[in-house]
Amino acid sequence: MEVKIKGNRTLTGEIKISGAKNSALALIPIALLSDGIVTIDNVPNVSDIGVLKEILEFLGCQVSFENNVMVINNENLVNKEIPETLSNKMRASYYFMPVLLSKFNKVEMYFPGGCKIGARPIDQTLKALTILGGNVEEDNNHYKITTKGLTGGHVYLDMPSVGATVNTIIAAVKADGLTILENAAKEPEIVNVATFLNSMGAKITGAGTSEIRIQGVKKLSGCYTEVIPDRIEAGTYAIIGAMVGKNLKISNIIPEHIEALMLKMKEMGIDYKEELDSVTITAPDYKLKPVKIKTLGYPGFATDLQQPVTPLLCKCTGVSKLEETIYENRFNNVPYLNEMGANIQIKGREIKVNGPIEFKGAEVEASDLRAGASLLVAALAAEGETTIKNVNHILRGYDKLVEKLKNVGADIELVD
Ligand code: EPU
């Protein structure tokens, strides 16, 4: 599938942000830990969620998903090895590792998939599961983990990994005793996970800080919860607003979650209006100052926004620098942006962006989710028509992408 965009249209009106993909991808597997029915509201209707639903059904769960509400009944959950064809579709499939281990004391799984943006090892998760009493047998990309019963433990993560933090919380929540997790990731998605589990009866403190404590409990009950707004979707549309917006309002957001991005925009000289749960932004008609960006864990500048923000750096007058510290290989958007008229050089984990330039339409390809989003941002600002092939990558993470953009005046069509 591809998307065709006629660029340089002014976008005006309101874009409502959906629930966070990366939160929902954790909450849904976690629902299997509950001893009752779980209702999750504000689940984005993106293709990754569809894959997760397939995995739940494969494991014997009854799942309904309508109007962004997912209801999960895990009464008939069975412990089966998830086929590699499903688990290699996304990174989040490895949340089933601690879930099934906690429920059945045994799990067999393949190495998870996900965007090809670096090696993305899972050593920190395996370390945490071992400390909590798991016995890991590894054979190539296949893992068999067994336990005589998980027990609390003291875990230090070598880096504040989002996935390893979620996996440690999952394994600890019904383990016997207290788990202390140090150097935990502080992303809002972690807070969403802990709040969700606490509403089921878990005892977790410190989520959102680098030390999380989890006192194991015997039982978790059914509950209702909501997914937080998607800060990466919000950030991407805010960037689009800065490129081609006229009073473009990005609503249903938690402004604090995109503060690192918005303050960078302020450094560039861009003006915007922040309200309770929205930000309104207009593309400036004056020179923008170049900036330096370095990606970091939350509350630092999100790695998932570095590719989407790159086209905006191309609009600054002078040399901007962007350093990617989380992934080894997250510049697959750059050659395509250069084809569209950008002047960017890659040097190791840093790019040097020379501006200002005018983007022109071209035929390009989305190599992964956020690289695709980056091309989309450039295409919306480009003179002429751009075709982005492999748009499926973008649809993994942006709910109702075409509809939301059309509603504010974009000329965009999905083509099969
Ligand atoms: N890492 C290890 N060992 C581990 C775990 C991570 O070396 O055991 C490394 C990774 O290789 C990477 C870094 O630590 O270099 C950070 O990885 P992290 O575990 O934090 O990432 P993740 O949990 O795999 C989630 C999001 C990503 C997002 C990162 C931000 C999900 C499903 N994915 O990935 O989202 O970039 O956090 O840290 O929540 C996206 O949405 O486009 C996306 C890639």
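Whatever order the structure lists them in is the order used to number ligands and atoms, beginning at 1. Residue numbers count from 1 along this sequence.
Residue E187 has no nitrogen or oxygen atom sitting less than 3.5 Å from a nitrogen or oxygen atom of ligand 1, judged on distance alone. Distances between N or O atoms of L25 and those of ligand 1 include no value under 3.5 Å. Taking any N or O of M159, backbone or side chain, none lies under 3.5 Å from an N or O belonging to ligand 1. The distance criterion of under 3.5 Å between nitrogen or oxygen atoms is not met by Y94 with respect to ligand 1.
Contacts between V162 and ligand 1, counted as non-hydrogen atom pairs separated by less than 4.0 Å, involve both the backbone and the side chain. Residue contacts with ligand 1, taken as heavy atom pairs separated by less than 4.0 Å, do not involve A164 at all. Contacts of R120 with ligand 1, taken as heavy-atom pairs under 4.0 Å, involve both backbone and side chain. Looking at Q124 against ligand 1, both its backbone and its side chain come within 4.0 Å, counting heavy atoms. At a heavy-atom cutoff of 4.0 Å, ligand 1 is contacted by no atom of R396, backbone or side chain. With a heavy-atom cut-off of 4.0 Å, K21 touches ligand 1 through its side chain alone. Contacts between T303 and ligand 1 below 4.0 angstrom, taking non-hydrogen atoms only, involve the side chain exclusively.
Ring planes of F111 and Y143: tilted class, angle from 30 to 60°.
The side-chain tip of K294 does not point at the ring of F301 from less than 6.0 angstrom away and within 45° of straight on.
Ion pair K264/E267 flagged as a salt bridge, since at least one NZ, NE, NH1 or NH2 atom sits closer than 4.0 Å to an Asp/Glu carboxylate oxygen. Salt bridge status for D230 with K21: absent, with no side-chain N to carboxylate O gap under 4.0 Å. Taking a cutoff of 4.0 Å between a charged side-chain nitrogen and a carboxylate oxygen, E413 and K406 qualify as a salt bridge.
For ligand 1, the atoms sitting less than 4.0 Å from at least one non-hydrogen atom of G163 are 19 (O), 23 (O), numbered in the order shown with element in parentheses. Proximity to R330 (heavy-atom distance under 4.0 Å) selects the following atoms of ligand 1: 36 (O), 40 (C), 42 (O), 43 (C), 44 (C).
Under the side-chain contact (heavy atoms from CB on, under 4.5 Å) test applied with L313, the options L288, V319, I293 reduce to a single match, I293. Of the residues E365, E2, K4, the one that meets the side-chain hydrogen bond (donor to acceptor under 3.5 Å, both in side chains) test with T387 is K4.
To the nearest 0.5 Å, atom NZ of residue K16 and atom CG of residue D399 are 13.5 Å apart. Put simply, CD1 on I30 and CD1 on I72 are 10.5 Å apart, with the number rounded to the nearest 0.5 Å. Expressed to the nearest 0.5 Å, how far CD1 of I5 lies from CD of E385 amounts to 9.0 Å.
Atom 32 (C) of ligand 1 has as its closest protein heavy atom N22 OD1, 3.5 Å. Protein heavy atom closest to atom 15 (O) of ligand 1, with residue, atom name and distance, is I326 O, 2.5 Å. Looking from atom 17 (O) of ligand 1 to the surrounding protein, the closest heavy atom is Y327 OH, 4.1 Å. The nearest heavy-atom contact from the protein to atom 42 (O) of ligand 1 is R370 NE, 2.9 Å. Among all non-hydrogen protein atoms, the one lying nearest atom 19 (O) of ligand 1 is S161 OG, 2.5 Å. Protein heavy atom nearest atom 3 (N) of ligand 1, with residue, atom name and distance: D123 OD1, 2.7 Å. When only non-hydrogen protein atoms are considered, atom 43 (C) of ligand 1 lies nearest to D304 OD1, 3.5 Å. Atom 4 (C) of ligand 1 has its closest protein heavy atom at P121 O, 3.1 Å.
Remark: the K404 side chain and the S18 side chain contain an N/O donor-acceptor pair separated by less than 3.5 Å.
You'll find the side chain of M243 stays beyond 4.5 Å of the side chain of L380, heavy atoms only.
Closest of all the heavy-atom pairs between S87 and S93 is O-OG, 2.8 Å.
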